[in-house]
Amino acid sequence: MSKRIFSYTVLIIASIVSIFPFLWMIVSSTNKSVDVTKGRLLPGTHFIENLQNLLDTVDLIPALVNSTKISLITTVLAMLIASLAGYGFEIFKSRTKDFLFNFLLLSMMIPFAALMVPLFRMFGTISQSVPMIGIDTLAAVILPTVTTAFLIFFFRQSTKMFPKEILEAGRIDGLTELGVFFRIYVPTMKTTYAAAAIITFMASWNSYLWPLVILQSPENQTIPLLISNLGSSYSPDFGVIMTAIVIATLPAALIFFIMQKHFVAGMMGSVK
């Protein structure tokens, strides 16, 4: 009995600590800047005022549209490329397969900050011949992040649990390899796709460093850049900033809660 009480106590404390920043953010969005500075923990009545000041101060809608475009396109491309790569690494046999996969995993050791200068120079060169995917374009934000070594590793590990007999049955029935992939593998691995989609969407939606480097026009800025600009003024309005953060949090939180069950199943590597 005492162990159960101790466990529940620890879980309750951990839950409060985890959820407090989120609750404080929501409460702060309803208060004035001076109240946020004082650390007021009670809800106020200034949310509409803060929202109106936010809309009057910055172009919120274009930033949300840009972030949505980048996140959705990145997620779709990442799911396709990473799942194909993970499927290929696990299903097809090759002498060099494991060597290439291990080499791919080594790339996870390289911090993205070390790649930014070469990437920026590369896109600067591309801008001269193909301006549509050069510097200060949404395509330049998307292309370096369409997939990662972690996603490929994630799909390969999930594919290890996939019943290979189903693939063989599909091939016997006359399906091409792409047919087997899209008609058998993809529907069966929906929990893995859901988990990977949530991870990719949230990472893309919250991305700050690379968009800050590659995007130069105000009309191309994403929501994290917009919030950063709000906080860099001489006298920031913290009520307005918290309102912007609440709005920026809603899409990612909504997607997570909708796909939560699939996310948990996918992270556990289950195949249903």
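In this structure, the separation between CG on Asn53 and NE2 on His46 is 11.0 Å, given to the nearest 0.5 Å. Distance check, rounded to the nearest 0.5 Å: CH2 of Trp205 to OG1 of Thr75 gives 11.0 Å. Distance check: Met108 CE to Thr148 OG1 gives 7.5 Å after rounding to the nearest 0.5 Å.
Gly231 and Ile241 make their closest contact through CA-CD1, 3.7 Å (heavy atoms, listed as atom of the first residue, atom of the second, distance). A pairwise comparison of heavy atoms in Phe123 and Ile133 identifies CD2-O, 3.1 Å as the closest pair. Looking at every heavy atom in both residues, Pro144 comes nearest to Ala140 through CD-O, 3.1 Å. What you find for Pro251 and Ile247 is that their closest heavy atoms are CD-O, 3.2 Å.
Taking a 6.0 Å sphere around NZ of Lys164, one finds it holds more than 12 heavy atoms contributed by other residues, nucleotides or ligands. Taking a 6.0 Å sphere around CZ of Arg183, one finds it holds 12 or fewer heavy atoms contributed by other residues, nucleotides or ligands. In this structure, Phe92 places its CZ atom where more than 12 heavy-atom neighbours from other residues, nucleotides or ligands lie under 6.0 Å away. Heavy-atom neighbours of Ile19 CD1 from other residues, nucleotides or ligands within 6.0 Å: at or below the threshold of 12. More than 12 heavy atoms of other residues, nucleotides or ligands lie within 6.0 Å of CZ in Phe112, so this atom counts as buried by the packing criterion.
Relative orientation of the Tyr185 and Tyr87 rings is perpendicular, given thresholds of 30° and 60° on the angle between their planes. Ring geometry for Phe153 against Phe101 counts as parallel: the plane angle stays under 30°, on a 0 to 90° scale with 60° as the upper cut.
The closest side-chain heavy-atom distance from Leu104 to Phe89 is below 4.5 Å. Put simply, the side chain of Met25 reaches to within 4.5 Å of the side chain of Val246, judged on heavy atoms. Side-chain contact between Leu60 and Ile223 is present, with heavy atoms from C-beta onward closer than 4.5 Å. Using a 4.5 Å cut-off on side-chain heavy atoms (C-beta onward), Leu230 and Leu54 make contact.
Connection of Leu115 to Val141 is established within a shared hydrophobic cluster, with ILVMFWY side chains joined at heavy-atom distances below 4.5 Å, either directly or through further cluster members. Put simply, Ile172 and Phe182 are part of two different groups of oily side chains (I, L, V, M, F, W, Y) that touch within less than 4.5 Å, one to the next. Criterion: ILVMFWY side-chain heavy atoms under 4.5 Å apart, direct or through other members. Under it, Leu209 and Ile142 are part of a common hydrophobic cluster. Note: the hydrophobic cluster containing Met122 also contains Leu138 (ILVMFWY, side chain heavy atoms under 4.5 Å, direct or indirect links).
Residues Gln216 and Asn220 have side chains that never bring a donor and an acceptor to within less than 3.5 angstrom of each other.
When the side chain to side chain donor-acceptor pair (under 3.5 Å) test is applied to Thr200, no partner is found at least two apart in sequence or on another chain.
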